[in-house]
K.L.:
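One structure, pasted below without further comment.
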Amino acid sequence: MLELQRIRNEKEAVLEGLKKRNIDAAATITKLLEVDQEWRLSKAELEGVSAELNQIAKEIGDLFKQGKQEEANAAKSKTADLKEKESTLKTKVDGLDAEMTQLLYQLPNVPNELVPAGKNELDNITVLEVGSKRIYDFEAVPHWDLAKKYDLIDFELGVKITGAGFPIYKGKGAKLQRALIAFFLEEAEKAGYEEFIPPLVVNEASGYGTGQLPDKEGQMYYVNEDDLYLIPTAEVPLTNIYRDVILPSEDFSIKMTGYTPCFRREAGSYGKDVRGLNRLHQFDKVEIVRIEHPSNSEKALEEMIDHVKGLLEKLGLHYRILRLCGGDTGFASAMTYDFEVYSAAQEKWLEVSSVSRFDTFQSTRLKLRFKTADKKTQLCHTLNGSALALPRIVASLLENHQTPEGVIVPEALRKYTGFDIIN
RNA sequence: GGAGAGAUGGCAGAGCGGUUGAAUGCACCGGUCUUGAAAACCGGCGUACCGAGAGGUAUCGGGGGUUCGAAUCCCUCUCUCUCCGCCA
């Protein structure tokens, strides 16, 4: 959620920024400021009436103490009108308040100045490409065929047990999952992230805290009986650890990591995009989350990018980094870098990581703040990224490291897998 | 699942219809004293919103109600604890 203060003070800059998302928010913001104006006036009026009532109540209390019953009772009659007025104003102020919140929820984050304007993925900017496309001297096979050939993943069996998008990993396939999780967690730990194992279901307040609610309600699995949501990413429980927290000083840098399964309904997906491991309802991911002083979030983002680069390089994967354009940047993000790995067999780039800074967009909702040196409270910045999500990494590893003899396991992974080839 | 108890400031813990944003202790910050520190003493010390400011309003788990007035009474929701049952 954008800070109301910011919209008041920098209306033009906010509008300009949102244009990069291909959004014209002029009407919403004009309306918002109108409501805000009226809200402030009504609120001042309401508080005046409340102050008057409080004053009278105090006087009546004093009169009773002095035994002046009649005067006290006389004073009571004065309150009827004021109470009526207070109640009306209260209803009005609450209504305006709700209307403002509603409008604020509609506005996405203002993109960082580096974010290019644009509509969709075609307008993203490639900022770095490392490695080059592998040349195969045999016909490259897509990962779903390799998974079947080496009996690593059984998609049909997953359909039997649960449904499409819930694969069953077997044997070396299962072990590869475990190895990747362990590898990612240890790399994160080396980079200074503390590991957490959070709950996989969260309450409504947490959903609102990181911005999955109210807009993306349909993307989460919902447990009606207990009013809980299955997490779509570890970002939700990890970031919400710091909901309603005021850090005691400005000297902080919080780095968290966690492995969790992630659950996404992916309503509306179909066709070749969902083939094999490309898009699943349940998948494994190691997430990194940071809570930073505003002055450090740029550096933090760079560090996270370097971390993810390191992972991909250790896995021997050819990748590129994209700075997403306004239109392709997520609702809550101020700037997002996507990492993509090239799949020769599928002849396309697969998104394997997304690293974002949210500035104060999440912390506004989370009420996540810190105390400045002069005792003021100020909003923190939040950032997060996948480091990494498993399915497309597995797809990339299988496809890019395939040989006629089998799939070669990257050196860095061998101590976790215990085998160096899948055949 | 059944029965009971409870939810107060960073923590502990009073208050149980009247001027209480809230006693007291601890923690924390500033000061006096000291070569320095400790102790002692003095002062300060939640959050949010409105306001240029003075100040005002809200907040004692959430929501609603009774009352001139609610942390205190009533309703409701959520959560926690204890005992019983079940169980990895």
Side-chain angles (χ1 to χ4, degrees), chain A residues 1-9 32-104 197-209 213-214 222-229 237 240-252 254 360 362-380:
Chain A
M1 191 158 74
L2 289 175
E3 293 164 77
L4 182 57
Q5 202 66 34
R6 181 175 178 189
I7 297 173
R8 275 183 200 151
N9 298 339
L32 184 62
L33 292 175
E34 268 172 32
V35 177
D36 175 50
Q37 183 62 24
E38 202 184 346
W39 173 76
R40 282 196 270 180
L41 287 173
S42 305
K43 191 175 169 175
E45 201 184 342
L46 168 65
E47 290 183 355
V49 174
S50 299
E52 214 175 322
L53 276 167
N54 287 343
Q55 183 55 36
I56 292 173
K58 233 175 226 184
E59 285 167 10
I60 291 174
D62 287 340
L63 290 172
F64 272 120
K65 274 210 164 152
Q66 294 164 30
K68 297 176 180 170
Q69 301 282 341
E70 283 172 29
E71 283 180 51
N73 285 323
K76 279 191 198 178
S77 62
K78 289 197 295 187
T79 63
D81 281 356
L82 288 171
K83 283 185 77 171
E84 173 79 32
K85 202 168 167 187
E86 185 187 42
S87 156
T88 310
L89 282 167
K90 179 93 166 40
T91 308
K92 184 176 177 188
V93 169
D94 287 350
L96 292 169
D97 205 6
E99 195 176 344
M100 271 197 290
T101 306
Q102 215 41 52
L103 289 165
L104 277 172
I197 300 181
L200 306 182
V201 289
V202 294
N203 57 29
E204 190 180 43
S206 295
Y208 274 95
L213 296 175
Y222 175 58
V223 185
N224 188 51
E225 185 96 18
D226 296 299
D227 199 18
L228 296 170
Y229 297 85
N240 271 282
I241 290 173
Y242 285 90
R243 171 154 48 83
D244 289 322
V245 167
I246 299 176
L247 300 166
S249 81
E250 37 191 324
D251 182 26
F252 65 93
I254 293 161
T360 60
Q362 290 185 323
S363 57
T364 308
R365 288 198 195 182
L366 289 161
K367 296 195 173 57
L368 165 53
R369 293 158 293 176
F370 65 93
K371 284 279 188 198
T372 62
D374 56 345
K375 307 280 196 214
K376 297 258 197 308
T377 50
Q378 198 183 324
L379 291 165
C380 300

K.L.:
May I have the distance from A:Tyr208 (atom OH) to B:rG62 (atom P), rounded to whole angstrom?
P.N.:
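One finds 19 Å between P of B:rG62 and OH of A:Tyr208, rounded.
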K.L.:
Please give, in whole Å, the distance from B:rC50 C1' to A:Gln5 CD?
P.N.:
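Those two atoms, CD and C1', are 11 Å apart.
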K.L.:
What integer number of Å spans the C1' atoms of B:rG65 and B:rG51?
P.N.:
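Those two atoms are separated by 32 Å.
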K.L.:
Let me know the distance between NZ of A:Lys376 and P of B:rC45, rounded to the nearest Å.
P.N.:
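After rounding, the reported distance stands at 15 Å.
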K.L.:
Going through the distances and angles, do A:Asp94 and A:Thr91 end up as a side chain to side chain donor-acceptor pair (under 3.5 Å)?
P.N.:
CA-CA 5 Å; A:Asp94 287 350; A:Thr91 308; over 6 Å; no
K.L.:
Between B:rU24 and B:rG44, how many Å separate the two P atoms, rounded to a whole number?
P.N.:
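Nearest-Å result for B:rU24 against B:rG44 at atom P: 12 Å.
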K.L.:
Could you state the atom-to-atom distance from NZ of A:Lys375 to P of B:rC45 in whole Å?
P.N.:
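Taking NZ of A:Lys375 and P of B:rC45, I get 12 Å after rounding.
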K.L.:
With P as the reference atom in both, quote the distance from B:rG25 to B:rG43 in angstrom, rounded to an integer.
P.N.:
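12 Å, rounded to whole Å.
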K.L.:
Please list, pair by pair, any protein nitrogen or oxygen found under 3.5 Å from a nitrogen or oxygen in nucleotides 8-10 of chain B.
P.N.:
none

K.L.:
For A:Thr79 and B:rG69, is the shortest distance between a side-chain N/O and OP1 or OP2 below 4.0 Å?
P.N.:
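It does not, given that no N or O in the side chain of A:Thr79 lies less than 4.0 Å from OP1 or OP2 of B:rG69.
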K.L.:
Using a cut-off of under 3.5 Å, enumerate the N/O to N/O pairs linking the protein to nucleotides 55-60 of chain B.
P.N.:
| unit_1 | atom_1 | unit_2 | atom_2 | d |
| --- | --- | --- | --- | --- |
| B:rG56 | N2 | A:Glu47 | OE1 | 2.9 |
| B:rG56 | N2 | A:Glu47 | OE2 | 3.3 |
| B:rG56 | N3 | A:Glu47 | OE1 | 3.4 |
| B:rU57 | OP1 | A:Asn54 | ND2 | 3.2 |

K.L.:
Is it true that A:Arg243 and A:Ser206 share a donor-acceptor pair across their side chains at a distance under 3.5 Å?
P.N.:
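A pair is found: one side chain offers a donor N or O, the other an acceptor, under 3.5 Å apart.
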K.L.:
Under 4.0 Å between a side-chain nitrogen and a carboxylate oxygen: does that hold for A:Glu38 and A:Lys92?
P.N.:
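Counted as a salt bridge, because a side-chain N and a carboxylate O are separated by less than 4.0 Å.
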K.L.:
Measure CG/A:Asn73 against C1'/B:rC68 and give the value in whole Å, please.
P.N.:
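Checked: the CG to C1' distance equals 9 Å.
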K.L.:
Would you please name every residue forming a side chain to side chain contact (heavy atoms under 4.5 Å, CB included) with A:Ile7, sequence neighbours left out?
P.N.:
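A:Ile7 satisfies side chain to side chain contact (heavy atoms under 4.5 Å, CB included) with A:Leu2, A:Ile29, A:Leu32, A:Leu33, A:Leu104, A:Leu107 only.
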K.L.:
Using whole Å, report how far NZ of A:Lys83 lies from C1' of B:rU67.
P.N.:
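Going from A:Lys83 (NZ) to B:rU67 (C1'), I get 6 Å.
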K.L.:
Can we say A:Arg40 and A:Asp36 salt-bridge, meaning some charged N sits less than 4.0 Å from an Asp/Glu carboxylate O?
P.N.:
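The answer is yes: the pair qualifies as a salt bridge.
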K.L.:
Is a side-chain N or O of A:Thr364 found less than 3.5 angstrom from the main chain of A:Thr360, in a donor-acceptor match?
P.N.:
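Side chain of A:Thr364 to backbone of A:Thr360, a donor-acceptor pair under 3.5 Å: yes, one is there.
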K.L.:
Please report, rounded to the nearest Å, how far the P atom of B:rC68 is from the CD atom of A:Glu71.
P.N.:
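Those two atoms, CD and P, are 18 Å apart.
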K.L.:
Among B:rA48, B:rU67, B:rG18, find the nucleotide with the atom closest to the side chain of A:Thr377.
P.N.:
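In terms of side-chain proximity for A:Thr377, the closest of B:rA48, B:rU67, B:rG18 is B:rA48.
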K.L.:
Look at the side chain of A:Thr377 and the backbone N and O of A:Phe370, then say whether any donor-acceptor pair between them is shorter than 3.5 Å.
P.N.:
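Looks like no, no N/O pair under 3.5 Å.
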K.L.:
Quick check: closest heavy atoms across A:Tyr222 and A:Leu228, and the distance to 0.1 Å?
P.N.:
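Where A:Tyr222 meets A:Leu228 most closely, the heavy atoms are CD1-O, 3.3 Å.
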K.L.:
Taking only residues two or more places apart in sequence or in another chain, which ones pass side chain to side chain contact (heavy atoms under 4.5 Å, CB included) with A:Leu82?
P.N.:
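So A:Leu82 forms a side chain to side chain contact (heavy atoms under 4.5 Å, CB included) with A:Val49, A:Glu52, A:Leu53, A:Ile56.
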K.L.:
Using OP1 and OP2 only, check whether a side-chain N or O of A:Arg40 sits under 4.0 Å from B:rG51.
P.N.:
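Yes, A:Arg40 has a side-chain N/O under 4.0 Å of OP1/OP2 on B:rG51.
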K.L.:
In whole angstrom, give me the gap between the P atoms of B:rG17 and B:rG6.
P.N.:
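Approximately 16 Å lies between the P atom of B:rG17 and that of B:rG6.
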K.L.:
Tell me whether A:Glu204 contacts the main-chain N or O of A:Asp227 through its side chain, where contact means a donor paired with an acceptor under 3.5 Å.
P.N.:
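Here the side-chain-to-backbone pair does not exist.
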K.L.:
Check whether any side-chain N or O of A:Thr372 sits under 3.5 Å from a backbone N or O of A:Lys376 as a donor-acceptor pair, and report yes or no.
P.N.:
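Yes.
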K.L.:
CD1 of A:Ile56 versus C1' of B:rG69: gap in Å, rounded?
P.N.:
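In whole Å, B:rG69 C1' lies 11 Å from A:Ile56 CD1.
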K.L.:
What integer number of Å spans the P atoms of B:rG56 and B:rG61?
P.N.:
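Rounded to whole Å, the distance is 25 Å.
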K.L.:
Please determine if a side-chain N or O atom of A:Arg8 lies less than 4.0 Å away from the OP1 or OP2 oxygen of B:rC50.
P.N.:
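Yes, such a contact exists.
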K.L.:
What's the closest nucleotide to the side chain of A:Lys58 if the choices are B:rU19, B:rC68, B:rA48?
P.N.:
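My answer, after comparing the listed nucleotides, is B:rU19.
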K.L.:
Please enumerate all residues that pass side chain to side chain contact (heavy atoms under 4.5 Å, CB included) together with A:Phe64, with sequence neighbours excluded.
P.N.:
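Checked A:Phe64 against side chain to side chain contact (heavy atoms under 4.5 Å, CB included); matches are A:Ile60, A:Gln69, A:Ala72, A:Asn73, A:Lys76.
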K.L.:
Taking only Watson-Crick and G-U wobble pairs with both distances under 3.5 Å, what dot-bracket line describes RNA chain B, where [ ] shows pairs that cross earlier ones and | shows pairs with another strand?
P.N.:
((((((((.[[[..)..(.....]]].(((((.......))))).(((((....))))).[[[[[..)....]]]]])))))))....
